[in-house]
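We name chains A, B, ... by the order of the sequence lines, and we start the count at 1 in each one.
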Amino acid sequence: MTFKWHGLSLIPHGTSIDFIRIRHVTYLISILITAITFVMLWINGLNLGIDFKGGILIEVQTKGPANLKELRDHVSHLDLGEVALQEFGRSDEVLIRLARQEGGEQGQIQAISKIQKALGDDVSFRRIETVGPKMGEELINNGIYAVFWCLVAMLIYIWFRFELHFAICAIIALFHDAIAVLALYTIFHFEFNSQAIVAILMTVGYSINDTVVIYDRIRENLRKYKAMPDRELINLSINETLSRTILTSSTTLLSLIALYVFGGEVVAEYSLPLIIGITFGTYSSIFLSAPLLLFFNLRRKNQSAEKIPQKA
Amino acid sequence: MSTPYWKTALILLTCFIGIWFALPNLFSKNVLETLPSWFPKTQVNLGLDLQGGSHLLLEADLKNVVHEYLTGLLDSTRTVLRKDKIGYAHLRTDLAQHAIVFELREALEGEAHSRLFKILQNIDPDFTVQIEGIHVTLSLSEFAVAKREKSAISQSIEIVRRRIDETGTKEPTIQQQGSNRILIQLPGIDNPEHVKNLLGQTAKLSFRLLDDSVSLEEALAGQVPTGSEVLESEEIASHKVHYVVRKAILVSGETLVDAQPSFDDKGRASVSFKFDAIGAKKFADATRANVGKRFAIILDNKVISAPVISEPITGGHGSITGNFSVQEASDFALLLRAGALPAPLHVLEERTVGPDLGADSISAGQHATIFSIILIAIFMVVAYAAVGFIADIAMVFNLILLIAALSQLGATLTLPGIAGIALTLGIAVDANVLINERIKEEMRLGKRLLVAIDSGYKRAMSTIIDSNLTTLIGSLLLYIFGTGPIRGFAVTLSIGILISMFTAVSLTRLILLSWVQWRHPKTLWI
């Protein structure tokens, strides 16, 4: 007997979890998340960042740990409206945010040079961004279009590859995933910038993968087991692909966690919402997009074929 | 079952080419220059957020272009109507319709009607002339407006390029975006305010006579003669001086051929300029006819100075002494040399990243990518043992080929692009997970190892294509709707996914089959 190094099966073969049985619980959870997100959106609104609202953002690095109070004193009497200061990742890095200033381009230029003068040589300026109000409006519109067209493209794709009822269930699950990412911004009031749109689009693009793999298996099993009831067939398909679903999500989550931990503060603005999005995307593929198919009759088109039971 | 030789050769060749073109990125620019000429030298193009620099998005106010053009035509229309003694009223521009409208004293008929029609049409061939009773509309077609706007934007880009080149900025990128925007990328610049200031001025220069028919008090009270207007001077110690200036332009800045900063005889900063032949003659004639009068030098509707013409200026040279500092005089000269913008530019967006933040971001990105490779590699080996290790080799080649592709395609790597790379690595092994799960299933059905591997790859293929296509659709939409750095994310992700179709499928298949044929294992321990 020689020792063989065997791959570890994270999900043992023959696993059979009854996902369908708990579907009402998971439907409820998803409805709750959606409801909470919309209520919070209604109460809190989105904390729109500079990309969408316009304004000025300055990142400075201080020599030694930043004394926020002292910095705030320096800039607060400059008559620039509300000035927000915030530590950014490290103790010697500070973000300064200003609302858009009056007086067109000159107004912005003057505000920035006032701050540069007030903070003087004590700090180094790492990043300065000014965004006009027009850009913000455009970015919001573009973001909404992008997410909308992404969903439409996915709908058409699934419709084309499978059938319409598959597409409808997939879109409901994807919509749920987009909402889950949005929840991060409404509940924790994170700043909503263009990174959020990227996170939503990637979540949708990623979550559809899991869904397609499970649907693919359902279609295959529909051909294979002509007499099996829909409920059992969906359960079997989810279980058969479970190993792949979990493994793939794990590798992607691992790389995103590395990105979040080591990628610095700016990259964290992408990786954190993506981590949430991909977690929910995996959840929705297993617990929403497949079980939702039960609302439809999967064998509608194969009625006649069903009369001849056949084993694969 | 075994891979044909040509296919093996092709796969190995691709990997080798990938290493070859990714190689330059390991060296610094200085080291690369010392290497022999056959060595590839193209590195990945770093975005401004990684190398530091300034990104400016400007919008040209094109409404202004049409407005100015119509205003010019308004003058010619007036002249033509007066010359031909045609009575008119309410002559004005209608910007919404891109038209000039006026009313006739009386409706014309027959020959007079067609004569007027011909006269008006002659003013500008782009006009569509409509005479309905006493109402006359001269409108520019959409096509004519688009033509003017298009030429204005390309001219603006040219002027912007000249102005930026004059400041000595290295390797600026100036591109048109959409129909009326200009994107400027200035790598390594630490004072974008100066550039912004230079671009913020249209720099339209004109020489015009002062109107002495009314006093300044009368004009300010609203009694401005037609054909004149009140203009302000530049602020002098927060005090503005007003002038009554004729609208008619003696000479415009377009006829200047050179402008240099200099000093006048009292040691004040000034700008000396030189006209071309036509400008010189016009200026000589105008000054000769108006000796003793004052004229105004006007830049962007502000009076810079208003000297008295003491004698005709015939040499085609002149100098302007305003109230400027040495820096302002040199900027002013620069603007005159580079020429006037056909339309004012507005800054929509500005993003400046200092070089240290860029360097920090690169090293953070490198660390993150290396750690995600290590984590995924360990995970895959734990899950699939030796076969997982083959997937890891493929993942590393995915990264190498991605870097090679980015270098050779000249795509720009941005900070979100680095996030895209890390995400690609996570997604790339997905294909191997799908394949390995399929092989496992095939083996459970009791198939022979080589058959199981073969059908595992075959059956996983449609799922792999499906899942990659959906991600590609997502990143395509990101590219279409996204701007700047986000596009960088979309580009790296798309290229990465396309490459993963090769590395995760062809390359792993080749390695796995070669290994099986070499060692003849009875089963795969996956």
Take Thr463(B) and Arg217(A), measure what side chain to side chain contact (heavy atoms under 4.5 Å, CB included) needs, and give me the verdict at the end.
CA-CA 9 Å; Thr463(B) 322; Arg217(A) 188 55 69 112; over 6 Å; no
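You'll find the side chain of Val261(A) stays beyond 4.5 Å of the side chain of Phe371(B), heavy atoms only. Side-chain atoms of Arg459(B) and Glu220(A), non-hydrogen and from C-beta on, do get closer than 4.5 Å to each other.
The contact list for residues 204-216 of chain A toward chain B, using heavy atoms and a distance under 4.5 Å, reads Gly205(A), Tyr206(A), Ile208(A), Asn209(A), Val212(A), Val213(A), Asp216(A) by residue number.
Contact annotation for Val429(B): only side-chain heavy atoms (C-beta onward) come within less than 4.5 Å of a heavy atom of chain A. When heavy atoms are compared at a cutoff of 4.5 Å, Leu345(B) approaches chain A solely by way of its backbone atoms N, CA, C and O. Proximity to chain A (any heavy atom under 4.5 Å) is shown, for Leu476(B), by neither the backbone nor the side chain. Contacts between Leu478(B) and chain A at a heavy-atom distance below 4.5 Å involve backbone atoms as well as side-chain atoms. Both the backbone and the side chain of Arg244(A) come within contact range of chain B, each with at least one heavy atom under 4.5 Å from a heavy atom of that chain. Interface remark: Leu274(A) contributes side-chain atoms only to the contact with chain B (heavy atom separation under 4.5 Å). Contacts between Glu138(A) and chain B at a heavy-atom distance below 4.5 Å involve the side chain alone, from C-beta outward. For Leu57(B), the part lying near chain A is the side chain, with the backbone staying farther off; criterion is any non-hydrogen pair under 4.5 Å.
Every residue meeting the side chain to side chain contact (heavy atoms under 4.5 Å, CB included) condition with Leu139(A), not counting sequence neighbours, appears here in chain and number order: Asp51(A), Phe52(A), Thr483(B). Here Tyr260(A) pairs with nothing under the ring-ring contact (aromatic ring centres under 6.0 Å, His included) rule; sequence neighbours left out.
Using cut-offs of 30° and 60° for the angle between ring planes, the Tyr270(A) and Phe489(B) rings count as parallel.
For residues 356-378 of chain B, every residue pair satisfying the side chain to side chain donor-acceptor pair (under 3.5 Å) rule, not counting sequence neighbours, is listed here: Arg126(A)-Asp360(B).
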